Q: 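Below is a structure I'd like to ask you about.
Index from 1, following the sequence. Worth knowing before you read on, the calculation uses all heavy atoms, side chains too, and leaves out hydrogens, waters and symmetry mates. Nothing here was measured: the structure is a model prediction, and the numbers come from that model.
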Amino acid sequence: MVKICCIGAGYVGGPTMAVIALKCPSIEVAVVDISKSRIAAWNSDQLPIYEPGLDDVVKQCRGRNLFFSTDVEKHVFEADIVFVSVNTPTKTQGLGAGKAADLTYWESAARMIADVSKSNKIVVEKSTVPVKTAEAIEKILTHNSKGIKFQILSNPEFLAEGTAIKDLFNPDRVLIGGRETPEGEKAIQSLKDVYAQWVPEERILTTNLWSAELSKLAANAFLAQRISSVNAMSALCEATGANVSQVSFAVGTDTRIGPKFLNASVGFGGSCFQKDILNLVYICECNGLPEVAEYWKQVIKINDYQKSRFVNRVVSSMFNTVATKKIAILGFAFKKDTGDTRETPAIDVCKGLLGDKAFLSIYDPQVTEDQIQRDLWMNKFDWDHPIHLQPASPTTDKKVSVVWDAYEAAKDADGVCILTEWDEFKNLDYQRIYDNMRKPAFVFDGRNVVNADKLREIGFIVYSIGKPLDAWLKDMPAVA
């Protein structure tokens, strides 16, 4: 029986290994992590991450051929294939601070694999890593191998949170990169055989190591670039009276461009986009390509601009101050159908409003109060370290309350900011919300989920990203 071990029980490792276990009943899969609380959650009825369909997959396999354990060394020792899916946070100090990936956790995982291994192993990079990480890992393993042979493969994940299980069941492609040697090609084939049990062979792509590593960074950079492009257009639409939804629809009907990732919003979030682009910028700078680095930097700049533009619009619309005013925040996760708050635009928007002394009442159907308070207190990039290494948050901020539904959040509020496109926000009783708010009542739609005309009929003053401004907002322009 082939044995697979995955180091890291997070958003990538957990769902990916659960699907491998479901689709490959003849393979034993162990997911290991040093966090006892995280492993306990994976072994409970309340999984540590929310992902539609994940519960069902885990329950079908857990205890049969899918195991969650804190005994990292035992399962690495027994495994034929070791996936490494550990954090690769952005460095906050030293060389490359603010851009380069911190490979501390990767290096310690590689050293541990070398220490405990008594048989040849295939080691698979599953987390997003900088180009040439495989070479560094290879050197650590080779110099500590005690005669054991390791083959390094790059198998980046391309799943999207909120649709991860669907993406894993039916991926656009599975990418496997390895050394172009007989041993490397044999290792590639071994991993290919795992995926081939449910993925059509033509969708399993094989490349050299560096192409696989760079493909992941490139894919995320291209997607983020599309979002920044339409968000840049949204600012121009507001200035000219154009409607960004109509513009993006017209652009998306061009088959060379296509309609995906062309929705204007308050900005992109998630664990990968910003981090991977910063990483790409650093790699370009290190390789003497400053113009290329500058090009990708602009994608991040537009994203930051979009978030600050939104905050400025809120403040300027409400008589240029939100001090002591109650603002309802609907949605805190970076997108719907996930509880993930990593790099969510809501953090910067909330911090901006708090900086102007607003009181915030926050509701998200999948994010806990503890998580929200930690996110608002944490320093940039702290989120990407394992939870037990993150700084503990101080006492909760008295200016922030986290409530159980949208109506409670909006009660007696001056304004409502929609920051996540949860389906329930489209169908709220906005007449009820309006009746219970202070007047004038404002809605700032950062995801273009509500029908602005209907809300205006009720009496709201509405700001929708990239849509023609109503008269009130024209009179109060957002100035940086």
Q: Does T420 reach the main-chain N or O of A333 with its side chain, forming a donor-acceptor pair under 3.5 Å?
A: yes

Q: Heavy atoms only: give me the nearest I140-A110 pair and the separation to one decimal.
A: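 The pair with the smallest heavy-atom distance is CG2-CB, 4.0 Å.
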
Q: Please assess D33 against S35 for the test side-chain hydrogen bond (donor to acceptor under 3.5 Å, both in side chains), listing each intermediate value before the final yes or no.
A: CA-CA 5 Å; D33 201 293; S35 169; 4.6 Å; no

Q: Can you list everything that forms a side chain to side chain donor-acceptor pair (under 3.5 Å) with D414? Sequence neighbours excluded, please.
A: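 Result, side chain to side chain donor-acceptor pair (under 3.5 Å) vs D414: R438.
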
Q: Is any side-chain heavy atom of N320 less than 4.5 Å from a side-chain heavy atom of S316?
A: yes

Q: Go through the steps for V124 and V84 under the test side chain to side chain contact (heavy atoms under 4.5 Å, CB included), then give the verdict.
A: CA-CA 6 Å; V124 184; V84 184; over 6 Å; no

Q: Pairs in or reaching into residues 251-294: which pass ring-ring contact (aromatic ring centres under 6.0 Å, His included), with residues at least two apart or in two chains?
A: F268-F273

Q: What residues, two or more places apart in sequence or in another chain, satisfy side-chain contact (heavy atoms from CB on, under 4.5 Å) together with A406?
A: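 Result, side-chain contact (heavy atoms from CB on, under 4.5 Å) vs A406: L330, Y363, L428.
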
Q: Under 3.5 Å, side chain of D429 to main-chain N/O of Q431, donor-acceptor pair present?
A: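 Judged by distance alone, yes, a pair lies under 3.5 Å.
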
Q: Can any side-chain N or O of R447 pair as donor or acceptor with the backbone N or O of L419 at less than 3.5 Å?
A: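 Yes; at least one donor-acceptor contact below 3.5 Å.
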
Q: Check side chain to side chain donor-acceptor pair (under 3.5 Å) between T70 and all other residues, then give those that pass, not counting sequence neighbours.
A: none

Q: What residues, two or more places apart in sequence or in another chain, satisfy ring-ring contact (aromatic ring centres under 6.0 Å, His included) together with F444?
A: F442

Q: Using the ring-ring contact (aromatic ring centres under 6.0 Å, His included) criterion, which residues pair with F359? Sequence neighbours excluded.
A: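 If we apply the ring-ring contact (aromatic ring centres under 6.0 Å, His included) test to F359, skipping adjacent residues, there are no hits.
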
Q: Does I257 form a side chain to side chain contact (heavy atoms under 4.5 Å, CB included) with R226? I'd like the steps, not just the answer.
A: CA-CA 10 Å; I257 298 169; R226 283 173 73 91; 3.9 Å; yes

Q: Answer yes or no: is there an ion pair linking D423 with K426, defined by an N-O contact shorter than 4.0 Å?
A: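 Between K426 and D423 there is a salt bridge, with a charged N closer than 4.0 Å to a carboxylate O.
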
Q: Which heavy atom of V58 sits nearest to which heavy atom of A18, and what is that distance?
A: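 Nearest pair, atom of V58 first, then A18: CG2-CB, 4.0 Å.
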
Q: Flag the pair M378 / D375 as yes when at least one side-chain heavy-atom distance between them is below 4.5 Å, and no otherwise.
A: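 M378 vs D375: side chains touch.
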
Q: Measure from NZ or CZ of R173 to the centre of the six-membered ring of F158, then state whether that distance is under 6.0 Å and the direction lies within 45° of the axis.
A: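 Geometry flag: set, cation within 6.0 Å and 45°.
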
Q: Below 4.5 Å, heavy atoms only, C-beta onward: do R203 and N170 meet side chain to side chain?
A: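 Answer yes - side chains close enough.
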
Q: Kindly write out the residues that satisfy side chain to side chain donor-acceptor pair (under 3.5 Å) with Y463, not counting sequence neighbours, or none if the list is empty.
A: E238

Q: As a quick check of understanding, evaluate side-chain hydrogen bond (donor to acceptor under 3.5 Å, both in side chains) for W422 and D337, giving each step before the final call.
A: CA-CA 7 Å; W422 288 103; D337 294 333; over 6 Å; no

Q: Between K297 and E285 (salt bridge meaning N to carboxylate O under 4.0 Å), is one present in this structure?
A: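 Salt bridge between K297 and E285, a charged N being under 4.0 Å from a carboxylate O: yes.
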
Q: Just by modelled atom types, is the Y305 backbone N or O under 3.5 Å from a matching donor or acceptor in the S308 side chain?
A: yes

Q: Please check if atom CE in M112 has more than 12 non-hydrogen atoms from other residues, nucleotides or ligands closer than 6.0 Å.
A: yes

Q: Holding to salt bridge (Lys or Arg N to Asp or Glu O under 4.0 Å), I want the full list of residues that pass it with K301, two or more places apart in sequence or in another chain.
A: E294

Q: When you look at D304 and K307, which way does the salt bridge (Lys or Arg N to Asp or Glu O under 4.0 Å) test go after all the steps?
A: CA-CA 5 Å; D304 291 338; K307 290 180 284 189; 3.6 Å; yes

Q: Considering residues, nucleotides and ligands other than F169, do more than 12 of their heavy atoms fall under 6.0 Å from its CZ?
A: yes

Q: When the side chains of residues 41-55 are checked against the rest of the protein, which donor-acceptor pairs come out under 3.5 Å, sequence neighbours left out?
A:
from	atom 1	to	atom 2	distance (Å)
W42	NE1	A9	O	2.9
N43	ND2	I39	O	3.3
N43	ND2	F68	O	3.2
S44	OG	A41	O	2.7
S44	OG	Q46	N	3.1
S44	OG	Q46	O	3.1
E51	OE1	G162	N	3.2
E51	OE2	G162	N	2.7
E51	OE2	T163	N	3.1
E51	OE2	A164	N	3.0

Q: Could you tell me whether the side chain of D340 reaches within less than 4.5 Å of the side chain of Y11, counting heavy atoms only?
A: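 Y11 reaches D340 side chain to side chain.
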
Q: Please enumerate all residues that pass side chain to side chain donor-acceptor pair (under 3.5 Å) together with Y295, with sequence neighbours excluded.
A: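 Side chain to side chain donor-acceptor pair (under 3.5 Å) list for Y295, sorted by chain: Q225.
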
Q: Distance-only, no hydrogens or angles: does the N155 side chain make a donor-acceptor pair with backbone N or O of I176 under 3.5 Å?
A: no

Q: Can you tell if the side chain of D470 reaches within under 4.5 Å of the side chain of R456, non-hydrogen atoms only?
A: yes

Q: Has the side chain of S211 got a donor or acceptor atom that lies under 3.5 Å from a matching backbone atom of T207?
A: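 Here the side-chain-to-backbone pair does not exist.
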
Q: Kindly write out the residues that satisfy ring-ring contact (aromatic ring centres under 6.0 Å, His included) with F460, not counting sequence neighbours, or none if the list is empty.
A: Y434

Q: Kindly indicate, with the supporting measurements, whether the criterion side-chain hydrogen bond (donor to acceptor under 3.5 Å, both in side chains) is fulfilled by S228 and Q306.
A: CA-CA 9 Å; S228 280; Q306 189 76 340; over 6 Å; no

Q: Check step by step if salt bridge (Lys or Arg N to Asp or Glu O under 4.0 Å) holds for K336 and E424.
A: CA-CA 10 Å; K336 72 173 185 176; E424 68 180 82; over 6 Å; no

Q: Evaluate the side-chain proximity of I465 to D445: yes if any heavy-atom separation is below 4.5 Å, no if none is.
A: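 No. Closest side-chain heavy atoms not under 4.5 Å.
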
Q: Identify, with sequence neighbours excluded, every residue that meets side-chain contact (heavy atoms from CB on, under 4.5 Å) alongside D412.
A: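 For D412 there are no side-chain contact (heavy atoms from CB on, under 4.5 Å) partners, ignoring immediate neighbours.
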
Q: Is it true that a side-chain atom of N220 and a backbone atom of C272 form a donor plus acceptor pair closer than 3.5 Å?
A: no

Q: Are the side chains of C237 and V247 in touch, meaning some heavy atoms are under 4.5 Å apart?
A: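 With C-beta onward as the side chain, the pair touches.
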
Q: State, yes or no, whether a side-chain contact exists between S265 and N231 at a heavy-atom distance under 4.5 Å.
A: yes

Q: Would N448 and E421 count as a side chain to side chain contact (heavy atoms under 4.5 Å, CB included) if you check the C-alpha gap in whole Å, the side-chain angles of each, and the deciding distance to 0.1 Å?
A: CA-CA 8 Å; N448 284 338; E421 72 282 18; over 6 Å; no

Q: Would you confirm whether T344, through its side chain, and F332, through its main-chain N or O, come within 3.5 Å as a donor-acceptor pair?
A: yes

Q: Keeping the roles fixed (side chain from K467, backbone from V244), state whether a donor-acceptor pair exists under 3.5 Å.
A: no

Q: Between K216 and D276, is a salt bridge (Lys or Arg N to Asp or Glu O under 4.0 Å) present by the stated rule, with each step listed?
A: CA-CA 9 Å; K216 171 63 177 173; D276 287 359; 5.0 Å; no

Q: Keeping the roles fixed (side chain from K439, backbone from M437), state whether a donor-acceptor pair exists under 3.5 Å.
A: yes

Q: Is there a side chain to side chain contact (heavy atoms under 4.5 Å, CB included) between C350 and I362 once you walk through the steps?
A: CA-CA 9 Å; C350 288; I362 303 175; 4.2 Å; yes

Q: On the ring face of Y407, is R432 found with NZ or CZ under 6.0 Å from the centre and within 45° of the axis?
A: yes

